[in-house]
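Taking it in order: structure first as structure tokens, then the write-up.
Position 1 is the first residue of the sequence; numbering continues from there.
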Amino acid sequence: MNKARLEAFSDGVIAIAITIMVLGLQMPRGASLADLLKLMPQLFSYVLSFIYVGIYWVNHHHLLQLANRVNGKILWANLHLLFWLSLIPFVTNWVAEHHRDPVPVASYGAVLLMCSVSFFLLRCALIANEGGESRLAKTVGKGVKNIGSMVLYALAIPLSLWSPLLGTAIYVVLAVLWFIPDHRLENLPPRSG
């Protein structure tokens with residue numbers, strides 16, 4: 001199968017998710033700085049979610065650049081990832097309005113956890129299709145960073161029910177961790193042939 005259609009479709013869904021998030025931003029009720037400052041929780045939620053969607057877009061791009069072909073399992077794994085990414089605007093708006101409430105913050109973490117799980121499953125499907133000795137498998141490794149992130153999300157969700165601020169702090173730390181480029185992927189020589 002041609003992976004270009006998968007990439008184009010994924011890019012479209014991700015672009016729509018970002019567009020929905022920005023459309024969810026409210027305008028300040030007035031023209032003063034104080035009116036803008038009242039929207040800081042909403043702006044913070046948007047920025048954090050934009051970074052997360054961007055991180056998935058970049059890593060998705062890197063994964064598919066290393067793949068030679070896709071199959072049905074990869075298409076379904078990719079749809080699974082896109083499903084969870086498409087929920088980010090919903091939980092972003094919810095947590096923006098209720099950033100001190102446990103259930104919205106925990107729900108935000110649950111969506112991030114499922115994004116991480118589905119990305120890991122996509123990575124596994126791509127490696128299974130390419131082979132354990134492929135350039136993809138050798139470059140991305142065992143997914144330790146991905147697995148560690150899943151563990152931290154799983155810890156942050158119940159922690160958010162006790163302290164939404166601590167749960168949010170873990171989500172921020174994980175975003176920073178993933179924002180740092182993976183030099184194994186950034187410094188790849190161009191594919192030969």
Side-chain angles (χ1 to χ4, degrees), residues 9-63 77-123 145-182:
F9 179 72
S10 300
D11 288 348
V13 170
I14 290 169
I16 290 168
I18 288 173
T19 302
I20 291 169
M21 282 190 316
V22 78
L23 292 174
L25 290 175
Q26 296 173 357
M27 295 297 291
R29 297 206 187 272
S32 72
L33 184 58
D35 293 315
L36 180 62
L37 290 176
K38 290 176 187 174
L39 297 178
M40 289 313 291
Q42 184 184 40
L43 292 172
F44 174 77
S45 297
Y46 169 76
V47 169
L48 182 61
S49 294
F50 185 92
I51 289 169
Y52 265 111
V53 173
I55 287 166
Y56 278 103
W57 179 74
V58 168
N59 285 296
H60 185 270
H61 169 75
H62 285 312
L63 271 182
N78 192 68
L79 279 174
H80 185 229
L81 172 62
L82 294 177
F83 171 78
W84 291 106
L85 288 174
S86 74
L87 288 177
I88 288 179
F90 171 74
V91 291
T92 298
N93 289 335
W94 194 21
V95 83
E97 293 295 319
H98 304 281
H99 62 280
R100 292 187 176 130
D101 295 318
V103 174
V105 176
S107 297
Y108 186 81
V111 169
L112 293 178
L113 170 62
M114 292 310 300
C115 287
S116 189
V117 168
S118 59
F119 186 82
F120 184 78
L121 294 173
L122 174 60
R123 182 189 152 284
K145 187 175 176 182
N146 198 178
I147 293 168
S149 296
M150 289 186 283
V151 169
L152 287 174
Y153 289 127
L155 291 173
I157 294 165
L159 182 59
S160 295
L161 296 172
W162 177 70
S163 170
L165 183 61
L166 287 176
T168 300
I170 293 172
Y171 307 147
V172 170
V173 167
L174 283 165
V176 169
L177 176 70
W178 280 95
F179 194 76
I180 299 166
D182 185 341

If only atom types and distance count, is the side chain of Ser45 paired as donor or acceptor with the main-chain N or O of Pro41 below 3.5 Å? yes

Test Met114 against Leu87 for side-chain contact (heavy atoms from CB on, under 4.5 Å), laying out the working first. CA-CA 10 Å; Met114 292 310 300; Leu87 288 177; over 6 Å; no

Do Ser10 and Leu82 have side chains that get closer than 4.5 Å, going by heavy atoms? yes

Is there a side-chain contact between Leu63 and Asn59 in this structure, where contact means two heavy atoms from C-beta onward sitting under 4.5 Å apart? no

Please find the pair of heavy atoms, one from Ser32 and one from Asp35, that lie closest to each other, and give the distance. OG-OD2, 2.9 Å

Straight-line distance of Trp94 CH2 to His99 NE2, nearest 0.5 Å: 15.0 Å

Check Met21 against Ser49 and note the closest heavy-atom contact, atom names and distance. SD-CB, 3.4 Å

Minimum heavy-atom distance between Ala175 and Ile55, given as atom pair plus value: O-CD1, 3.5 Å

Is any side-chain heavy atom of Glu97 less than 4.5 Å from a side-chain heavy atom of Gln26? yes

Report yes or no: does Tyr56 contribute a side-chain atom to a donor-acceptor pair with the main-chain N or O of Ile14 at less than 3.5 Å? no

Tell me, do His61 and Val58 make a side-chain contact under 4.5 Å, heavy atoms counted? no

Validation row: Thr168, Phe44 side chains within 4.5 angstrom (heavy atoms): yes

For Ser118 and His80, work out which heavy atoms get closest and say how close. CB-ND1, 3.2 Å

With heavy-atom distances below 4.5 Å as the criterion, would you say the side chains of Tyr52 and Leu174 are in contact? yes

Please check if any side-chain donor atom of Ser149 sits under 3.5 Å from a side-chain acceptor atom of Asn146, or the reverse. no

The reported gap from NZ in Lys145 to CD1 in Ile147 (rounded to nearest 0.5 angstrom) is 13.5 Å

Audit row: Leu48, Tyr108, side-chain contact (heavy atoms from CB on, under 4.5 Å) steps and yes/no: CA-CA 11 Å; Leu48 182 61; Tyr108 186 81; 3.7 Å; yes

Output the distance between atom CG (Leu166) and atom CG (Leu155), rounded to the nearest 0.5 Å. 12.5 Å

At what distance, to the nearest 0.5 angstrom, does CD1 of Ile157 lie from OH of Tyr171? 5.5 Å

Compare all side-chain heavy atoms of Asn78 with those of His60 and state whether any distance is below 4.5 angstrom. yes

Could you tell me whether the side chain of Ser163 and the main chain of Ser160 form a donor-acceptor pair under 3.5 Å? no

Whether the side chain of Tyr153 engages the backbone of Ile170 through a donor-acceptor N/O pair (distance < 3.5 Å, no angle test) should be reported. no

Is it the case that over 12 heavy atoms from other parts of the model lie below 6.0 angstrom from the CZ atom of Phe50? no

Could you grab the distance from atom CZ of Arg29 to atom CG of Leu36, nearest 0.5 Å is fine? 13.5 Å

Spacing of CG belonging to Leu85 relative to CD1 belonging to Ile88, to within rounding of 0.5 Å: 5.0 Å

Ser86 to Pro89 - nearest heavy-atom pair and separation: O-CD, 3.3 Å

From the list Thr92, Leu43, Leu39, side chain to side chain contact (heavy atoms under 4.5 Å, CB included) partner of Leu25 resolves to Leu43

Decide yes or no for Met150 and Val117: does some side-chain heavy atom of the first lie under 4.5 Å from some side-chain heavy atom of the second? yes

